[in-house]
Amino acid sequence: MALRRLLLREMRRMKRQSLYGFCMVAAPLFCLFFFTSLMRDGLPEQLPIGIVDEDHSSVSRSIARNLNSFSQLEVERQYPGVHEARKAMQRGEIYGFYLLPEGLAREAVGGRRPTVSFYMNYSYLIVGSLLYRDMRTMSELASASVGLQSLLARGATEQQAMALLQPIVIETHPIHNPWLNYAVYLCNMLIPGVFGLLITMMTVYAVGGEIKDGTAREWLKTGQRSISLSLLGKLLPHTLVYFLVGFLIDFYLYVWLHYPCHGGWGGMLLNTMLFILACQGLGVVMIAVVPALRLALSWASLWGVVAFSISGFSFPLMAMHPTLQAVAQLFPLRHYFLIYVNHALNGNAPVYVWPNYLALLAFALLPLCFLSRLKRELIYMRYVQ
Amino acid sequence: MRRPDLKIRTALHDMLYVWWEETKLSVRDQGMLIFFYLFPLVYPLLYAFIYNEETVHEVPAVALDESCSAESREFLRRVDGTSVVRFVAHAADMEEARRVLREQGAYGIVRVPSSFASDLARGRQTRVFLYCDMSGLLYYKSLLMAATDVSLEMNADIRIAAARNSNEEQDRTTAAPIAYRDVALFNPTAGFAAFLIPAVLALIMQQILLLGVGLSAGTARETNRFRDFIPLTRHHRSVLPLVFGKALCYFLITLAASAYVLCVVPLLFRLNRLGEPSDLLFFVVPYLLACIFFSMTCSVFVKRRENCMPVFVFSSLPLLFISGISWPSTAIPEGWRWISWLFPSTFGINGFVRISSMGAGLGDVSAEFRALWIQTGVYFLTACAVYRRQIFLARFHMRRRHQLLRSRLMLRARKK
């Protein structure tokens with residue numbers, strides 16, 4: 001009976017403030033739509049680059065033509081010199097350029113080994129890496145085509161010539177993300193990251209709001225002075241809403257958009273649900289430790305934003321300082337990430353990441369250790385401004 | 001009728017009063033204190049610590065040698081010898097290699113097939129297979145680069161051996177008729193920090209303004225009568241002194257913060273600082289102004305102090321991605337690009353990165369520079385408009401209350 005009163009009370013609170021609807025439903029779904037549509041191509045295509053052709057020969061022209069045939073590159077225009085191309089880069093017109101020096105054709109045929117150069121800009125790391133790959137392949141091809149012609153001229157078959165030009169070929173098999181799709185790589189973590197950030201903040205907000213508004217005692221009274229019952233009544237409606245949003249996210253990513261999920265999307269659903277509970281648990285702990293709403297919210301926002309960096313999906317945790325590797329365990333997103341990699345990308349059995357499942361569960365249960373402290377703060381409300 | 005010079009003097013006085021009140025509030029209010037002063041001070045340092053290493057070394061991988069020949073051992077030895085890859089195990093078959101991948105946290109498998117040595121001996125093209133874990137793109141990049149480098153090296157050696165040249169010069173030509181070199185401009189080590197940090201620093205300036213100004217607005221609503229945005233004092237009566245006074249306060253605070261965030265922090269990080277400091281200053285002024293008026297416009301919608309925090313913190317991530325630093329702007333769908341032009345951060349991030357990391361001059365970022373001034377103008381007008389309305393609302397509430405009290409008094413008098 002008390003639980004029903006608590007649930008009704010919480011639902012009234014959620015209805016009264018539009019912030020709840022915005023942060024719990026609208027914002028996560030917006031992110032889902034935003035990130036997936038922003039990167040709908042998977043890989044950025046037609047990146048503008050420049051060419052500095054100082055040679056003006058048939059060889060240099062064929063290299064320029066071949067560069068354009070890469071779907072990821074788009075030769076924006078020719079520049080008379082390196083200086084102009086560099087300026088264009090600073091103006092943001094092109095991401096890189098290819099330099100074909102004077103005398104290229106003559107020296108190549110004469111066996112004097114000319115050098116071509118490609119310039120890329122790692123201030124845009126993703127773009128720079130893609131350019132590097134394509135421009136390097138192009139350079140290899142250019143070199144090979146000159147070599148091929150001279151070998152063919154000497155009477156070798158094309159197969160023999162290729163074997164001599166490139167005896168060893170590297171064949172890559174990216175495991176389970178075969179198209180090297182950046183959207184898959186980024187969206188899979190950015191969306192849960194934002195979701196987790198919002199869950200933690202809104203949990204802090206929901207509990208801390210009671211302290212701030214001075215309604216904490218009335219809340220406890222509705223819950224028959226039992227802190228665990230009151231918390232349950234408060235957070236249960238939130239949890240249900242989050243589960244629904246989490247379900248929509250997973251459904252959209254793995255069923256609608258067919259993002260790779262080799263262990264079945266039911267497993268990801270479980271991961272998402274555990275993650276939601278972990279974030280809620282973390283939020284309760286934050287407000288219990290720091291019972292001033294704005295401070296707890298600052299803490300939650302810092303935690304949520306740092307999680308993106310420290311979870312190790314953009315820059316690997318392995319390369320970070322050992323202290324940070326330990327600290328990273330305190331972020332639910334890190335555990336979510338490892339489970340996601342194990343389950344969705346690699347399709348392995350959950351047993352390989354059981355500590356991470358346990359960690360998420362521990363986050364969800366952590367508030368139990370802080371119940372008496374939270375109750376004290378709720379009753380005495382020492383931090384009301 | 002008041003004299004015009006007196007009017008100006010009152011306006012100036014009002015402006016300074018508003019400025020002083022707001023500055024006092026920014027130090028007294030814990031939330032504003034955190035976001036205006038503490039956050040810009042500490043947050044960049046935290047990022048410095050996280051991305052300290054910049055690049056990935058010694059990615060653990062598994063070697064799978066099915067050829068068991070001198071050539072295959074040579075290949076694997078050379079891959080192991082690079083600074084980016086380290087073999088943690090040598091597997092006997094694919095099953096074992098996959099198991100090591102799962103259990104020991106390796107990130108890739110380099111498999112040399114059984115036909116490797118015989119293919120090479122017969123002059124046939126052969127393949128080396130690379131299996132990469134895709135949990136981190138940097139792992140993939142490192143593994144691919146190491147394997148490609150080694151294969152190119154060995155290819156050249158094989159060609160030289162086959163050509164039986166008479167001198168070294170011929171050897172080099174055989175190795176590659178056209179040589180090439182790659183030049184990484186502006187971020188020579190291709191470091192992660194040099195890529196991400198400048199963009200984050202520029203974004204931070206807008207976000208602390210949104211949060212700080214939003215908190216100030218929330219505080220105002222909670223302390224003022226009738227939960228109004230504008231307090232009822234004689235200094236808060238006209239729009240321009242009010243808007244200018246607040247903007248001045250925010251501008252001075254964030255100018256100091258940006259000197260630290262945009263100049264001192266890159267120094268601590270040892271990031272590229274190719275730009276002229278004067279260019280940077282000239283660029284930062286419209287960026288800050290655009291952010292300030294943008295924040296002031298947004299702040300009207302903040303009804304409670306803390307409400308602005310989840311909303312503005314959440315916006316950081318979409319804003320970072322829509323700016324075109326991580327995901328190239330040429331690949332961003334048209335509709336999103338238009339939306340991105342609403343936010344000062346889009347132009348601020350691009351301009352700052354180009355000036356600071358790429359050494360562009362003010363002329364090279366003229367498009368961004370102009371856009372920021374336009375935003376400053378537009379958001380100034382919207383800020384004035386919303387403030388005007390809020391002043392009107394505050395007066396309206398006061399007058400209604402006044403009428404209510406008066407009618408009550410009259411009622412009571414009549415009863416007597």
Side-chain angles (χ1 to χ4, degrees), chain A residues 19 23 27 34 38-39 41 44 47-48 90-92 108 111 113-119 121-123 125-127 129 139 142-143 146-147 162-164 166-177 185 194 198 201 293-294 297-298 301 309-310 315-316 319-321 324 341 345 348 352, chain B residues 31 34 50 53 56 102 120 123-138 141 144 147-148 151 154-155 158-159 162 172-173 176-187 190 192 195 306-307 309-310 313-314 317-318 327-328 330-332 336 353-354 357-358 360 364:
Chain A
L19 186 73
C23 287
F34 172 77
L38 188 76
M39 304 179 211
D41 295 334
L47 301 167
Q90 287 177 336
R91 279 196 303 274
R113 249 183 135 241
T115 304
V116 296
S117 315
F118 48 94
Y119 294 75
N121 181 1
Y122 280 124
S123 297
L125 195 66
I126 290 182
V127 179
S129 309
S139 310
S143 185
V146 172
M162 276 320 284
L164 197 58
Q166 211 180 2
I168 305 171
V169 179
I170 301 287
E171 198 178 297
T172 43
H173 295 266
I175 305 178
H176 310 316
N177 182 356
Y185 159 68
V194 174
L198 286 165
M201 288 189 98
L293 179 56
R294 60 210 143 151
L297 270 181
S298 307
S301 58
S309 308
I310 212 167
F315 186 73
M320 290 181 201
H321 195 270
L324 290 171
V341 169
L345 282 186
N348 291 335
Y352 292 104
Chain B
I34 289 177
I50 290 180
E53 280 298 327
V56 185
R102 273 199 302 266
L120 287 181
R124 274 209 301 254
Q125 204 170 36
T126 187
R127 277 164 203 284
V128 169
F129 298 92
L130 191 63
Y131 301 86
C132 301
D133 180 301
M134 290 312 292
S135 59
L137 277 177
L138 288 183
K141 208 182 125 200
L144 180 61
T148 312
S151 77
M154 279 185 72
N155 285 349
I158 293 167
R159 277 200 298 269
R172 274 205 291 276
T173 311
I178 299 179
Y180 61 87
R181 65 193 174 110
D182 58 289
V183 187
L185 285 174
F186 312 131
N187 178 3
F192 203 81
F195 144 70
E306 286 78 9
N307 284 17
M309 288 171 68
V313 169
F314 137 79
L317 224 73
W327 192 253
T330 50
I332 291 178
W336 285 125
V353 166
R354 295 228 295 276
S357 322
M358 296 163 60
D364 298 322

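All chains are named by letter (A, B, ...) in the order of the sequence lines, taking the proteins before the strands, and each is independently numbered beginning at 1.
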Tyr352(A) versus chain B, the contacting section by heavy-atom distance below 4.5 Å: side chain
Side chains of Ser151(B) and Val128(B): closer than 4.5 Å at any heavy-atom pair? no
Using non-hydrogen atoms and a 4.5 Å limit, figure out which bit of Leu297(A) sits close to chain B: side chain, backbone, both or neither. both
Residues at least two apart in sequence or cross-chain that pass side chain to side chain donor-acceptor pair (under 3.5 Å) with Ser309(A), listed by chain then number, are Tyr47(B), Tyr51(B)
Going by heavy atoms in the side chains, are Met201(A) and Val313(B) under 4.5 Å from each other? yes
Region of Leu198(A) that comes under 4.5 Å of a non-hydrogen atom in chain B: side chain
Atom CG of Leu324(A) and atom CD1 of Ile310(A): how far apart are they, to the nearest 0.5 Å? 5.0 Å
Under a 4.5 Å heavy-atom cut-off, does chain A meet the side chain of Leu317(B), its backbone, both or neither? both
